[in-house]
Amino acid sequence: MSQRTLPHVSDVPNAVMAWLKERGLTYDTHLYTPEAWRRRGEKYGNGSLFTITTEGTLNHILNYPESKADLLLIDQFQAFLKELGIYYEQGFAWSLHFYQTGEGR
């Protein structure tokens with residue numbers, strides 16, 4: 001297995017979006033900086049590194065997985081995030097808030 005070169009911490013949000021795009025999971029998916037998220041006045045996720053909202057394919061797979069392939073994709077996503085030293089929590093079904101784990105970097 002080859003060792004992946006990890007992005008600089010400031011590039012992590014774009015690395016996550018690129019991973020999702022490679023798998024066709026960016027339909028109706030949006031990336032927010034902490035500042036942009038706070039401006040929305042949302043209740044959850046205000047201490048996160050970044051937020052992704054999704055009402056498309058990613059939302060459906062995370063909330064209503066229908067197959068082993070969906071479950072595998074969720075596992076692969078979580079493994080990728082762990083490599084980056086981050087994890088997500090859902091604030092709503094349509095919002096993912098990302099935080100550092102202290103691992104993987």
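Since we're looking at a predicted model, the values are computed, not measured. Each residue takes its place number in the sequence, starting with 1.
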Flag the pair Tyr87 / Lys82 as yes when at least one side-chain heavy-atom distance between them is below 4.5 Å, and no otherwise.
-> no
Does some side-chain heavy atom of Thr33 sit less than 4.5 Å from a side-chain heavy atom of Phe50?
-> no
Working to the nearest 0.5 Å, report the span between CG of Asn59 and CG of Leu96.
-> 8.5 Å
Distance (rounded to the nearest 0.5 Å) between Thr51 OG1 and Phe92 CZ = 11.0 Å
Can you tell me how far CH2 of Trp37 sits from CG of Leu31, rounded to the nearest 0.5 angstrom?
-> 11.0 Å
Do you know which of Leu25, Ile74, Leu73 makes side-chain contact (heavy atoms from CB on, under 4.5 Å) with Leu58?
-> Leu25
Non-hydrogen atoms of Met17 and Thr26 that approach each other most closely = O-CG2, 3.9 Å
When every non-hydrogen atom of His30 is compared with those of Asp28, the smallest separation belongs to NE2-OD1, 3.5 Å
Considering non-hydrogen atoms only, spot the tightest contact between Leu49 and Gln100 and give its length.
-> CD1-CG, 3.4 Å
For Glu66, check salt bridge (Lys or Arg N to Asp or Glu O under 4.0 Å) against everything at least two apart and list the hits.
-> none
Stepwise side-chain contact (heavy atoms from CB on, under 4.5 Å) check, Tyr32 with Arg40 = CA-CA 10 Å; Tyr32 289 88; Arg40 285 176 53 112; 2.9 Å; yes
Salt bridge (Lys or Arg N to Asp or Glu O under 4.0 Å) partners of Glu89, counting only residues at least two apart = none
Would you confirm whether the ring centroid of Tyr99 sits within less than 6.0 angstrom of the ring centroid of Tyr88?
-> no
Evaluate the ring planes of Trp19 and Phe80, with Trp represented by its six-membered ring, and classify them as parallel (under 30°), tilted (30 to 60°) or perpendicular (over 60°).
-> parallel
Decide yes or no on side-chain contact (heavy atoms from CB on, under 4.5 Å) for Thr29 and Glu55, but give the supporting numbers first.
-> CA-CA 7 Å; Thr29 298; Glu55 295 194 56; over 6 Å; no
Heavy atoms of Pro34 and Ser48 approach each other most closely as CG-O, 3.6 Å
Any chance you could lay out the side-chain contact (heavy atoms from CB on, under 4.5 Å) test for Phe77 and Leu20, step after step, and finish with the verdict?
-> CA-CA 8 Å; Phe77 184 48; Leu20 294 171; 3.8 Å; yes
Measure the CG-OG1 distance between Asn63 and Thr54 for me, rounded to the nearest 0.5 Å.
-> 9.0 Å
